[in-house]
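Everything numeric in this text was worked out from a predicted model, so none of it was measured.
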Amino acid sequence: MYIDLEIIGIKNKEDGFLIRDTIEQALLTLLPRCKKLITITVEIALDKDMKETKALIHLEDKNEFVIALNETVLKDKNDVILTLCHECVHLKQHITKDYFQIDGNFIKFKNQIVDINLTNYTDLPWEKEAYELEMELANAQKTYTG
């Protein structure tokens with residue numbers, strides 16, 4: 001796999017290294033046989049813009065993603081790792097085509113069609129998978145101490 005990673009809005013090198021290392025390690029674990037170029041832009045977002053959301057991932061184009069990471073997450077190294085591992089699971093779901101938006105309210109996830117307006121956030125199957133895998137991925141990080 002080839003990862004083209006850009007980090008926008010970072011204030012210190014250590015945070016940048018942590019973000020890079022976490023994303024690379026998580027994706028190598030999640031997509032070990034992937035031979036594609038994956039382009040990722042991580043944008044550090046203001047807390048006032050993200051509110052209670054730690055991060056969001058958006059598919060820009062085929063294999064091109066933007067991750068908006070709430071600036072408050074950077075205050076805790078473990079939170080950075082967990083949050084990015086979670087978002088990398090979502091990235092994997094897109095790459096493997098497990099997750100596909102049919103239209104505004106309907107998502108196809110592993111051959112199951114889900115109406116996001118009728119399903120609680122915690123019951124969304126792609127979120128369940130991300131929460132199940134995030135800790136396993138985080139524990140594989142040498143810098144995670146959770």
Side-chain angles (χ1 to χ4, degrees), residues 1-47 49-103 106-114 116 119-146:
M1 159 184 353
Y2 306 97
I3 301 171
D4 177 17
L5 178 64
E6 179 181 11
I7 304 169
I8 299 171
I10 204 75
K11 293 181 181 169
N12 68 61
K13 288 188 290 187
E14 291 78 23
D15 288 340
F17 292 140
L18 180 62
I19 290 168
R20 181 202 63 204
D21 293 347
T22 300
I23 290 173
E24 287 178 354
Q25 180 65 41
L27 292 180
L28 287 170
T29 301
L30 291 166
L31 299 164
R33 292 181 209 89
C34 182
K35 302 292 183 213
K36 301 174 184 179
L37 170 65
I38 300 172
T39 302
I40 305 167
T41 302
V42 177
E43 295 180 359
I44 307 304
L46 299 175
D47 183 49
D49 295 332
M50 299 286 286
K51 299 188 169 83
E52 294 179 20
T53 303
K54 290 184 176 188
L56 298 169
I57 190 163
H58 177 63
L59 174 65
E60 290 289 306
D61 200 1
K62 184 179 179 183
N63 301 330
E64 290 183 29
F65 301 88
V66 173
I67 298 174
L69 183 65
N70 190 322
E71 65 184 349
T72 60
V73 173
L74 296 174
K75 294 177 182 176
D76 182 341
K77 184 167 53 169
N78 286 334
D79 207 15
V80 171
I81 293 169
L82 266 178
T83 301
L84 289 174
C85 286
H86 182 97
E87 297 308 314
C88 283
V89 174
H90 291 315
L91 191 148
K92 185 246 352 154
Q93 293 165 345
H94 283 285
I95 296 285
T96 59
K97 298 183 179 17
D98 286 340
Y99 178 99
F100 180 79
Q101 187 160 3
I102 298 170
D103 68 25
F106 294 95
I107 306 291
K108 184 176 180 184
F109 183 73
K110 295 184 178 180
N111 298 319
Q112 174 185 2
I113 296 177
V114 178
I116 59 173
T119 309
N120 291 327
Y121 172 81
T122 56
D123 294 328
L124 296 169
W126 53 90
E127 291 298 339
K128 285 183 175 184
E129 181 180 68
Y131 282 111
E132 287 171 10
L133 292 175
E134 71 181 20
M135 187 59 72
E136 179 182 327
L137 293 167
N139 284 329
Q141 290 288 350
K142 294 175 188 161
T143 54
Y144 184 73
T145 58

C88 vs L30, side chain to side chain contact (heavy atoms under 4.5 Å, CB included): CA-CA, chis, key distance, verdict: CA-CA 8 Å; C88 283; L30 291 166; 4.0 Å; yes

Taking side chain as C-beta onward, heavy atoms only, is [X] less than 4.5 Å from [Y]?
| X | Y | value |
| --- | --- | --- |
| V42 | L5 | yes |
| R20 | L18 | no |
| H90 | E127 | yes |
| E134 | V89 | no |
| I116 | T119 | no |
| L74 | L69 | yes |

Return each pair, listed once, that meets side-chain hydrogen bond (donor to acceptor under 3.5 Å, both in side chains) where at least one residue sits in residues 31-43; pairs must be two or more places apart or across chains.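 Qualifying pairs: none.
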
Would a distance-only check, ignoring hydrogens and angles, find a side-chain to backbone donor-acceptor pair under 3.5 Å from [X] to [Y]?
| X | Y | result |
| --- | --- | --- |
| E64 | I40 | no |
| E71 | D47 | yes |
| N139 | M135 | yes |

On the 0 to 90° scale, with breaks at 30° and 60°, tag the H94-F65 ring pair as parallel, tilted or perpendicular.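 Answer is tilted, since the angle falls between 30° and 60°.
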
Between atom [atom1] of [X] and atom [atom2] of [Y], what is the distance when rounded to the nearest 0.5 Å?
| X | Y | atom1 | atom2 | result |
| --- | --- | --- | --- | --- |
| I102 | F100 | CD1 | CZ | 7.0 Å |
| I67 | L84 | CD1 | CG | 6.0 Å |
| W126 | F109 | CH2 | CZ | 8.0 Å |

Residues K110, E129; criterion salt bridge (Lys or Arg N to Asp or Glu O under 4.0 Å); working and verdict: CA-CA 11 Å; K110 295 184 178 180; E129 181 180 68; 2.7 Å; yes

Salt bridge (Lys or Arg N to Asp or Glu O under 4.0 Å) against K77, all qualifying residues, sequence neighbours excluded: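 For K77 there are no salt bridge (Lys or Arg N to Asp or Glu O under 4.0 Å) partners, ignoring immediate neighbours.
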
Please assess L31 against T96 for the test side chain to side chain contact (heavy atoms under 4.5 Å, CB included), listing each intermediate value before the final yes or no. CA-CA 9 Å; L31 299 164; T96 59; 3.8 Å; yes

Work out which heavy atom in P125 is nearest to a heavy atom in Q112; give both atom names and the distance.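 It is CG-OE1, 3.9 Å.
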
Between L137 and C85, which heavy-atom pair has the shortest distance, and what is it?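 Smallest heavy-atom distance, with atoms named: CB-SG, 3.6 Å.
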
Does a side-chain N-to-carboxylate-O contact under 4.0 Å join D98 and K92?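 Answer for the salt bridge query: yes.
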
By side-chain hydrogen bond (donor to acceptor under 3.5 Å, both in side chains), which residues pair with N12, not counting sequence neighbours?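 D15.
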
N120/T122 under side-chain hydrogen bond (donor to acceptor under 3.5 Å, both in side chains): CA gap, chis, key distance, verdict: CA-CA 5 Å; N120 291 327; T122 56; 5.3 Å; no

Full working for side chain to side chain contact (heavy atoms under 4.5 Å, CB included) between N78 and L82: CA-CA 6 Å; N78 286 334; L82 266 178; 5.8 Å; no

Could you go through the side chain to side chain contact (heavy atoms under 4.5 Å, CB included) check for I113 and I107 one step at a time? CA-CA 6 Å; I113 296 177; I107 306 291; over 6 Å; no

